[in-house]
Structure formats: structure tokens, C-alpha cells
Amino acid sequence: MPAFQTSPGMRDILAPQSVRWRRFVDVFAEVVEAAGYGQLITPLLEDLGVFTRLGESTDVVTKEMYDFVDKGGRHVALRPEVTASVCRAFVEHHPPTPWKTWYAGSNFRYEKPQRGRYRQFDQVGIEVLGADDPYLDVEVIALGWEFYRRLGLRQVTLRLNSLGEPDDRARYVTELAAYFTAHHAELSPESRITLAKNPLRVLDSKRPQDAPVVAGAPRIADCYSDAAAEHFATVQAGLSSLAIPFTIDTGLVRGLDYYRRTTFEYQGGTLDSAQNGLGGGGRYDGLVEALGGPPTPGVGFALGVDRTLLACDDESVFVAPDGATDVFVVDTTGGAEALTITSALRAAGLRAERAFDNRSMKSQMKAADRSGASHAVIVGSNELEAGAAVVRPLRATLVEGQPGQSTVLRSDLVDHLVAHLRNSTS
RNA sequence: GUGGCCGUAGCUCAGUCGGUAGAGCGUCAGUUUGUGGUACUGAAUGUCGCGGGUUCGAUCCCCGUCGGUCACCCCA
């Protein structure tokens, strides 16, 4: 057993999985940059206060934060999400609005790890600050939808809700609290505790015991102001005009309690219900203000990389691209030839590999085969003397009695291979 | 944080009614010595998660611990 291993809920991601990981971010960047979003890179570490502004009733802030006092006496924390950092950056740099940003990176939450739930986990997301337009909500939701489509995911569903204006929401929470208090005895013990902290979250309960009470609860829709109702109607109409299917879920209450108006969540159809939330987001306000800025509306989402990748696995979609090399250089004369040949091939833009430790011809050929290279370049003592090399196709030699290999002068080798590979790939 | 299940070679797992352990895959090397996908032969690798207890003796029983997993919770 190794003396050290990764901390709970944290892990190493090796190739080829890491390749897929990077591709994932690349695809996301392609989708959102096509819509004019610019990447924002923020520190993993922020002043604790940046995150406590997220709200007192969220476990993410109150119980799950990695916080500590640094050597300078500052109370800092590893970010549990990045929306707060985006708002902090907005206040710090006051960019022109609407400010459209995207990000990708790790977040930290001290939770009990499970599959699809890690203490260090990655998210990609977008945030737009400074615009109130319902069509912006539609754009944001549509970009997430388009991203899943680009990955190849088919079984994603979109759940949508509106929490109304802050006043509506406050009024609703009061009504809800009164209702649940009246049905206190019917609630599960866990939900009673939740009720005291945040009545909205009781709607999220997955315990069967709570189902009847939750089903009879007042609806947020009845509390909408005219403005909120109109905003929500426009969002729905916009999604419909883009042919993006959604279902209204009045029980959809996002975890962080800064949301108002539109909230949404993408769910994976193949995942178990406990971990089926692929990503989600919504409209929020008050956050920029809480961080010392002017009143500024915001909207955005964050998508979990792990869960989305799990969903991709279930649908056998977005498989890791193979890092196949083009040419594998076999050198049985000591390795110096392989050094110069691979170097020249790489300079010419080809992916070239070689063997080390002066292994046997057979061993090197095996490695060449495994590398996925389409051609092997073979240099033995004969070739070395003749100033040449053997070029052997590795994938086409299945034909009986046709080795198909040729001897090429070293001076022509690179050009020969470049021409050859261009032909076979196009 | 609470509860259930699990923890044996790099990977997937078998096994010992308690006497320190195996398979497949993978890796490496060979199969008359300059050429890869199949086949054959052979080899290496495990403190049987860790600590303690019971026992003449534990990988197998008991306790604890750590890690994983599932549910709750939370959320991505």
C-alpha cells in the first residue's frame, strides 16, 4: 500500500480520461464563445466574506467550506462555487455591461463523498451581469442545452421554475412556512429541521413521507407579481420558439438562496435520482450589491463535469479521443537515430513516438503496434550504414505475403512520411 | 454529519469451514537470433486497507480505524 493517497473525495485523473476532460472544456468554450462570452479566471482562494454573502441558510456556506486563516491572518476559503467570485470580480473591475463570462475549474465542498460527488469537483459555467432581459435567460438556458447536444447527450431534461420577484418570494416563503407549520406533525423529522432553516427547501424533500404534504403546498405561481409573471411567460415563449422542451416544476428550488425569478436545472435521464442533477442555475440579484457593488441583475448556470461525464458514459457518447501517434520509430542501433528522426518528424508536424532502453526489434514493433501509429520507421544496422530507413505501414499489412514496406533515404524520410500520411488520412 | 454494504496482485475478481493465497486480463522475456495484431512457453509483482483483540496460529472470527460505495442530507 502506498504511504500516501489522495484525500477523501479527491482524485487523480489520468490519461486517457484527462484528455476527455480537456476536450469537455474545449467543447464548452466553443459553444459559449460563439455567443460572445469571454473566459474569466478567478482565484481558487478568496476572502471568506465573499462566500458568506451567498446566504446563511445554505449548507454550502455554513457547513461545507474549506476555510482557514492564512499566515497573514486573513480568513480565507477555497471557493465552493464560482458565481460569488464572478460578482466580486465584477465589482473589482467594473467592466461594461452586460458582462458575459464563462469559466471552468475546481470547487471545494467538504461533503461526504459519493459517486458523482467529490470534495474537489469541476464545473463549467457562464454568468451574465448587468442585464435584466428575459431573452437573456433564454440565451443562457439555450447555451447549456446546446452544449449537451454537442456532447451527444440525448437524455437530458430541462426543468424550469420562477421564484418571482424578491417580494413575491418573501411572501411565498411566509405562506409556505405557515402551511408547513400547520402540517408539522405530518412532516418527517428531517423536514421539520429544514423548515426552521429554509421552508423552500422542504419542497425538495425526497422522502415519501413528505410527499402528500408537499403536494398540497401553496404554489409559487400564485404569488407572482405582474412583472414576474410576464418575465416568466417570455422566457417560456422564447424556449418554445427555439424548440427546447422543458417542464415547469414549481418545486424546483435551487440550493443557493440568492436566486429570484427564473431557475432551471438540467437532469440526466440515465442517472439515479440522487445524483441526476447535471447542472443548473438561474437569475439572481443582490449578490453584486452584497459584495459592495451597485444593484446589478445576474443570470447564469454551472454544470458539473463529473456527472455530465457519467451521463455521457451511460449513453456511450463523447468517448475519449485516442491520442494515436502517426509514426513510431524503431531503432535497434542504440537509440540515437530515433532521437533525430522523431525530432525531425515532430518538427514537420507529425506525432512521433519511439521506444527506449534499446529493446529488441520485436519488442519495439509491439510497442509500435500498440501506439496506434499508422507507420513504423525502422532503423537497424543495415539502414544506418546505407543512410536509409524502412517505412512500414502497420495497418495495411494484413494482406498475405505483402510486407508493403519500403526503404527510404534518410534525406527523403520526413517528406515521404508527410506526403504518405496526408494521402491516407484525407 | 447519520445508517447499510464493501476493501485480496496494475485492473476485474475467486479462495482459505482459521495453518501467511490463486485465475483472467495487463506487463516483461522467449518460441533457431532484423519486423507488430492470433497461438504457445516462461517470468515478475501482493506486508489479503491499517491497528488491536481472540487463538498454538488470522487474509479468513471480534473490535476499532481509514478508504470506497449506496441511502438520508446537500448539491454539480
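Each chain gets a letter, A, B and so on, in the order the sequences are listed, and its residues count up from 1.
- To the nearest 0.5 angstrom, A:L153 atom CG is 9.0 Å from A:L309 atom CG.
- Of all nucleotides present, none satisfies the Watson-Crick or G-U wobble test against B:rG18 with each distance under 3.5 Å.
- Annotation: of the two residues near RNA chain B, A:K112 and A:L278, the 5′-most nearest-nucleotide partner is A:K112.
- Rounded to the nearest Å, the gap between the P atom of B:rU8 and that of B:rU12 is 9 Å.
- With B:rG30, B:rC75, B:rA76 as the choices, the nucleotide that has an atom nearest any side-chain atom of A:T58 turns out to be B:rC75.
- Straight-line distance between the C1' atoms of B:rA44 and B:rG26: roughly 13 Å, to the nearest whole Å.
- What you find for A:Q209 and A:L187 is that their closest heavy atoms are NE2-O, 3.4 Å.
- As rounded to whole Å, 19 Å separates atom P of B:rA76 from atom CG of A:L151.
- When heavy atoms are screened at a 4.0 angstrom cut-off, A:G268 is found touching no nucleic acid atom at all.
- For the pair A:R119 and A:F108, the cation-pi test (distance below 6.0 Å, angle within 45°) is failed.
- Within 4.0 Å of A:Q267, counting heavy atoms only, lies no atom of the nucleic acid at all.
- Taking atom CZ on A:F264 and atom C1' on B:rC75, their separation rounds to 15 Å, with Å as the unit.
- Across the protein-nucleic acid pair, A:L158 atom CG and B:rA76 atom C1' stand 16 Å apart, rounded to whole Å.
- A donor-acceptor contact under 3.5 angstrom links the side-chain atoms of A:E111 to the base of B:rA76.
- Regarding contacts with the backbone of B:rC75, every side-chain N or O of A:R307 stays at 4.0 angstrom or more from both OP1 and OP2.
- Of the charged side-chain nitrogens involved, at least one lies within less than 4.0 Å of a carboxylate oxygen, so that A:R150 and A:E146 count as a salt-bridged pair.
- Within the 4.0 angstrom heavy-atom criterion, no nucleotide atom of any strand lies near A:R11.
- Searching all strands for a Watson-Crick or G-U wobble partner of B:rA58 with both distances below 3.5 Å returns nothing.
- Where A:P113 and A:Q123 meet RNA chain B, the nucleotide closest to each residue was compared, and A:P113 sits on the side nearer the 5' end.
- Side chain A:K366 to base B:rU27: no donor-acceptor pair is found below 3.5 Å.
- Rounded to whole Å, atom P of B:rG30 lies 15 Å from atom CE of A:M365.
- Look at the P atom in both B:rC17 and B:rG64: the space between them is 26 Å, to the nearest Å.
- Judged by distance alone with a 3.5 Å cut-off, a donor-acceptor contact links the side chain of A:Q405 to the base of B:rU35.
- Rounded to whole Å, the separation between the P atoms of B:rA58 and B:rG42 comes to 35 Å.
- B:rG67 and B:rG51 have their P atoms separated by 16 Å, with the value rounded to a whole Å.
- Relative ring orientation between A:F147 and A:F28 is described as perpendicular, the plane-to-plane angle rising above 60° on a 0-90° scale split at 30° and 60°.
- Between the side chain of A:R117 and the base of B:rC74 there is at least one donor-acceptor pair of N/O atoms closer than 3.5 Å.
- Across A:T262, A:T247, A:L252, a single residue satisfies side chain to side chain contact (heavy atoms under 4.5 Å, CB included) together with A:N161, and that is A:L252.
- Taking atom P in both B:rG7 and B:rC50, the straight-line distance is 13 Å, to the nearest Å.
- In this entry the distance linking OH of A:Y110 with C1' of B:rG1 reads 10 Å, nearest Å.
- As judged by a 4.0 angstrom heavy-atom cut-off over every strand, A:L303 is placed among residues making no nucleic acid contact.
- Between A:D137 and A:R283 there is a salt bridge, since a side-chain N of the basic residue sits under 4.0 Å from a carboxylate O of the acidic one.
- Counting any heavy atom pair closer than 4.0 Å across all strands shown, A:E64 reaches sugar-phosphate atoms only and no base atom.
- If you check B:rC74, B:rU35, B:rG30 against the side chain of A:S360, the one that comes closest is B:rG30.
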CA sep, side-chain torsions, deciding dist, call: A:L203, A:L176, side chain to side chain contact (heavy atoms under 4.5 Å, CB included): CA-CA 10 Å; A:L203 294 173; A:L176 203 57; 4.0 Å; yes
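- When side chains are defined from C-beta on, A:M361 counts as touching A:I378, because their heavy atoms get closer than 4.5 Å.
- Look at B:rG26: it lacks any Watson-Crick or wobble partner with both distances under 3.5 angstrom.
- A 3.5 Å limit on both hydrogen-bonding distances identifies no Watson-Crick or G-U partner for B:rU45.
- Atom-to-atom, CZ of A:R119 to C1' of B:rC66 comes out at 12 Å; the value is rounded to the nearest Å.
- Within 4.0 Å of A:F328, counting heavy atoms only, lies no atom of the nucleic acid at all.
- As a whole-Å value, the separation of A:R359 CZ from B:rG30 P is 10 Å.
- Using a 4.0 Å cut-off, some side-chain N or O of A:R370 falls inside it from OP1 or OP2 of B:rU27.
- In this structure, B:rC74 makes no Watson-Crick or G-U wobble pair, since no nucleotide meets both defining distances under 3.5 angstrom.
- Using Watson-Crick or G-U wobble geometry with both donor-acceptor distances under 3.5 Å, B:rU35 finds no partner in any strand shown.
- In this structure, A:S363 reaches the B:rA29 phosphate: one of its side-chain N or O atoms is under 4.0 Å from OP1 or OP2.
- Residue-level contact check: A:G125 touches neither bases nor backbone, having no heavy atom under 4.0 Å from any strand.
- The separation of B:rU38 from B:rA21, taken at their C1' atoms, amounts to 32 Å, rounded to a whole angstrom.
- The NZ-C1' distance, from A:K362 to B:rA39, rounds to 11 Å in whole Å.
- No donor-acceptor contact under 3.5 Å links the side chain of A:R115 to the base of B:rU69.
- Annotation: B:rC48 and B:rC61 have their C1' atoms spaced 15 Å apart (nearest Å).
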